[in-house]
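To start, the structure itself, in structure tokens.
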Amino acid sequence: EAQVTQNPRYLITVTGKKLTVTCSQNMNHEYMSWYRQDPGLGLRQIYYSMNVEVTDKGDVPEGYKVSRKEKRNFPLILESPSPNQTSLYFCASSLIQGERAGELFFGEGSRLTVL
Amino acid sequence: AQKVTQAQTEISVVEKEDVTLDCVYETRDTTYYLFWYKQPPSGELVFLIRRNSFDEQNEISGRYSWNFQKSTSSFNFTITASQVVDSAVYFCALYSGNTPLVFGKGTRLSVIA
């Protein structure tokens, strides 16, 4: 089954404790992206990657890191989480060419609370 | 720069009413793709439709229809005979291949029984 899997789905942590949210897709998609969703602000892009070893900042990259060492994985790293990073996070992937270019497949979301 | 505007933040309708969600986009690219996604209260994001810039035919899928007009840079979404299960946040999005996909801020639709 084609899917994007992100873990953990729910996490409560404390300020400053490094954490990683994993994201994996099984569709051989070139493009992967992380979004955060906050009330009234819609989906804001954190980082994206057009292919292996290629990453770029989105609209709200501060406080986050990513890596793309393999095509299928795109982890989101919070080196020193702060309460303003409490949010719902989505990972997504898509093809960048062809009939389904740009059609994002989303993970189920990871709800993060930083105390 | 790419931009998607969903001017309606929230809409409430009574069940069985028709409702149209507006989406206006900006792009300088001649080839681009437009999308609608649905986010029900359960939180997942569900793909609804993809349209490329060369195909201005309107699309109908059951109670859903989409009106794409390049002249006004709009890609509006109409739900006919709305139902409570249509209650969700709906996002319009734009992709051109040169830049990442851009989302509008979403429209929250509440359908009241």
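From a predicted model like this one, the values you see are computed outputs, not experimental measurements.
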Residue by residue, scan residues 97-110 of chain A and write down, ordered by number, those that have a heavy-atom distance under 4.5 Å to chain B; if none do, write 'none'.
-> A/G98, A/E99, A/R100, A/A101, A/G102, A/E103, A/L104, A/F106
Side chain from CB out, backbone as N, CA, C, O: work out which of these in B/Q6 comes under 4.5 Å of a heavy atom of chain A, or both, or neither.
-> neither
Between chain A and each of B/R108, B/E10, B/R50, count heavy-atom pairs under 4.5 Å; write down the option with the most.
-> B/R50
Check the hydrophobic clustering (I, L, V, M, F, W, Y; side-chain heavy atoms under 4.5 Å; chains of links allowed) and say if B/F75 and B/I11 are grouped together.
-> yes
Flag yes if more than 12 heavy atoms outside A/K65 fall under 6.0 Å of its NZ atom; otherwise flag no.
-> no
Enter the distance from A/S94:OG to B/F47:CZ here, rounded to the nearest 0.5 Å.
-> 11.0 Å
Is there a path of hydrophobic side-chain contacts, each under 4.5 Å between heavy atoms of I, L, V, M, F, W or Y residues, that connects A/Y89 with A/V66?
-> yes
Using the rule that two of Ile, Leu, Val, Met, Phe, Trp, Tyr join whenever any of their side-chain heavy atoms come within less than 4.5 Å, decide whether A/L112 and A/Y47 are in one cluster.
-> yes
A/L88 with A/V60, same ILVMFWY side-chain cluster at under 4.5 Å | no
Contact check, side chains of A/Q37 and B/F103, non-hydrogen atoms, under 4.5 Å = no
Pairwise side-chain contact, A/I96 with B/Y95, heavy-atom cut-off 4.5 Å (strictly under) | yes
Approximate separation, where rounding is to 0.5 Å, of A/F90 CZ and B/Q39 CD = 5.0 Å
Within a reach of under 6.0 Å around CD1 of A/I12, are more than 12 heavy atoms found that belong to other residues, nucleotides or ligands?
-> no
Linked, directly or transitively: A/V4 and A/Y35 (ILVMFWY side chains, under 4.5 Å) = no
Please report the closest heavy-atom contact between B/K105 and A/L41, naming both atoms and the distance.
-> NZ-O, 4.2 Å
Taking atom CG of B/L101 and atom CG of A/L43, what is their separation to the nearest 0.5 Å?
-> 10.0 Å
